[in-house]
Amino acid sequence: MREWISIGILCLLCLFLPTGCETVNDGGERGKGLDYTVVPTADIPEEFQKEIDKKKINPFQMTYEDGEYLYAAVGYGEQENSGFSIQVVGLYEKGENLCMETSLTGPEDGEIVSQKESFPYIVVKTEQKGKKVEFYT
């Protein structure tokens with residue numbers, strides 16, 4: 001019986017150990033949330049847009065710095081149709097890293113979509129921090 005109690009306590013402790021970048025809400029144990037802006041396609045720096053266009057057929061994660069801002073992009077590669085959207089779950093600072101977590105949402109049931117392939121990606125802009133970006137999709 002004592003062994004089961006010890007195992008149970010050990011399992012509970014493991015749930016509370018911080019590990020790497022995790023979703024953030026308000027700067028708690030998972031990291032400090034950062035302000036960011038989702039960048040419209042027309043406002044993406046031209047050089048960065050060219051790199052995105054080269055890679056968008058496959059999933060990608062990349063960054064670009066212009067001296068003042070950091071741009072972080074996540075693409076989910078070719079999808080069979082339209083109607084996909086990307087949500088930024090969190091952008092936060094954790095130790096020596098910035099963490100960006102995103103999720104891809106498909107078309108809702110009954111949504112009218114084009115049967116032409118699409119290449120969903122998102123670009124966000126934040127203050128340059130000089131830190132490595134870790135991506136979680």
Side-chain angles (χ1 to χ4, degrees):
M1 181 70 163
R2 281 183 143 171
E3 291 176 34
W4 287 106
I5 292 172
S6 296
I7 292 171
I9 291 171
L10 182 61
C11 289
L12 284 173
L13 288 174
C14 289
L15 292 174
F16 296 104
L17 292 175
T19 57
C21 292
E22 299 176 20
T23 306
V24 67
N25 291 326
D26 59 5
E29 76 177 48
R30 294 181 177 166
K32 178 184 174 192
L34 298 175
D35 291 331
Y36 64 89
T37 303
V38 175
V39 182
T41 303
D43 295 340
I44 298 172
E46 185 177 343
E47 183 179 330
F48 194 38
Q49 183 65 59
K50 286 179 183 178
E51 289 301 310
I52 290 169
D53 289 340
K54 289 178 190 175
K55 297 182 178 190
K56 71 182 180 182
I57 193 165
N58 296 307
F60 69 87
Q61 296 128 2
M62 51 197 267
T63 61
Y64 175 84
E65 297 178 23
D66 68 2
E68 184 176 358
Y69 294 105
L70 168 72
Y71 296 83
V74 174
Y76 283 82
E78 183 175 0
Q79 305 298 316
E80 292 181 5
N81 54 8
S82 66
F84 289 86
S85 62
I86 301 171
Q87 177 185 8
V88 178
V89 177
L91 180 65
Y92 44 96
E93 194 170 4
K94 180 73 172 178
E96 297 299 313
N97 298 315
L98 298 182
C99 303
M100 182 174 174
E101 185 175 353
T102 60
S103 66
L104 178 69
T105 304
E108 293 184 20
D109 289 341
E111 182 177 345
I112 298 173
V113 296
S114 165
Q115 294 307 308
K116 184 177 179 190
E117 71 276 353
S118 64
F119 307 91
Y121 65 89
I122 192 167
V123 176
V124 299
K125 175 174 85 170
T126 191
E127 290 182 29
Q128 187 172 345
K129 300 276 188 179
K131 295 185 174 196
K132 179 184 173 213
V133 178
E134 291 186 12
F135 294 93
Y136 297 88
T137 55

If Ile, Leu, Val, Met, Phe, Trp and Tyr residues are connected whenever their side-chain heavy atoms lie under 4.5 Å apart, and connections chain through other members, are F84 and I86 in the same group?
yes
So salt bridge (Lys or Arg N to Asp or Glu O under 4.0 Å) across residues 42-52, not counting sequence neighbours, yields E46-K50, E51-K54
> Taking atom NZ of K56 as the centre, does the number of heavy atoms from other residues, nucleotides or ligands within less than 6.0 Å exceed 12?
Replying inline: yes
Side chains of P120 and L104: does their closest heavy-atom pair fall under 4.5 Å? yes
If you count the non-hydrogen atoms of other residues, nucleotides and ligands that lie under 6.0 Å from CD in E117, is the total more than 12? yes
Rounded to the nearest 0.5 Å, the OG atom of S118 sits from the CD atom of Q79 at a distance of 6.0 Å
Rounded to the nearest 0.5 angstrom, the OH-NZ distance for Y36 and K125 is 14.5 Å
So OH of Y76 and OG of S85: to nearest 0.5 Å the spacing works out to 10.0 Å
Among the clusters formed by ILVMFWY side chains lying less than 4.5 Å apart, do F119 and I122 turn up in the same one? no
I'd like to know if the side chain of S82 and the backbone of S114 have a donor-acceptor N/O pair within less than 3.5 Å. yes
In terms of heavy-atom contacts, E111 and G83 come closest through OE2-CA, 3.8 Å
The residue among L91, T126, V89 that forms side chain to side chain contact (heavy atoms under 4.5 Å, CB included) with M100 is L91
Which of F60, F135, Y121 passes side chain to side chain contact (heavy atoms under 4.5 Å, CB included) with V74? Answer is F135
| Would V88 and V39 show up in the same hydrophobic cluster when neighbours are defined by side-chain heavy atoms closer than 4.5 Å? | no
Taking every heavy atom of L98 against every heavy atom of K131, the minimum-distance pair comes out as CG-CB, 4.1 Å
Would you say CD of E108 has more than 12 non-hydrogen atoms from neighbouring residues, nucleotides or ligands within 6.0 angstrom? no
dist E127:CD -> D35:CG (nearest 0.5 Å) comes out at 7.5 Å
Separation between CD (E68) and CD (Q128), nearest 0.5 Å, reads 9.0 Å
message = Quick check on the hydrophobic clustering: are V124 and I44 connected, directly or via other members, by side-chain heavy-atom contacts under 4.5 Å?
response = no
When rounded to the nearest 0.5 Å, the distance separating NZ of K55 from CD of Q61 is 10.5 Å
With sequence neighbours left out, the residues meeting ring pair (Phe, Tyr, Trp, His ring centres under 6.0 Å) with F48 are Y64
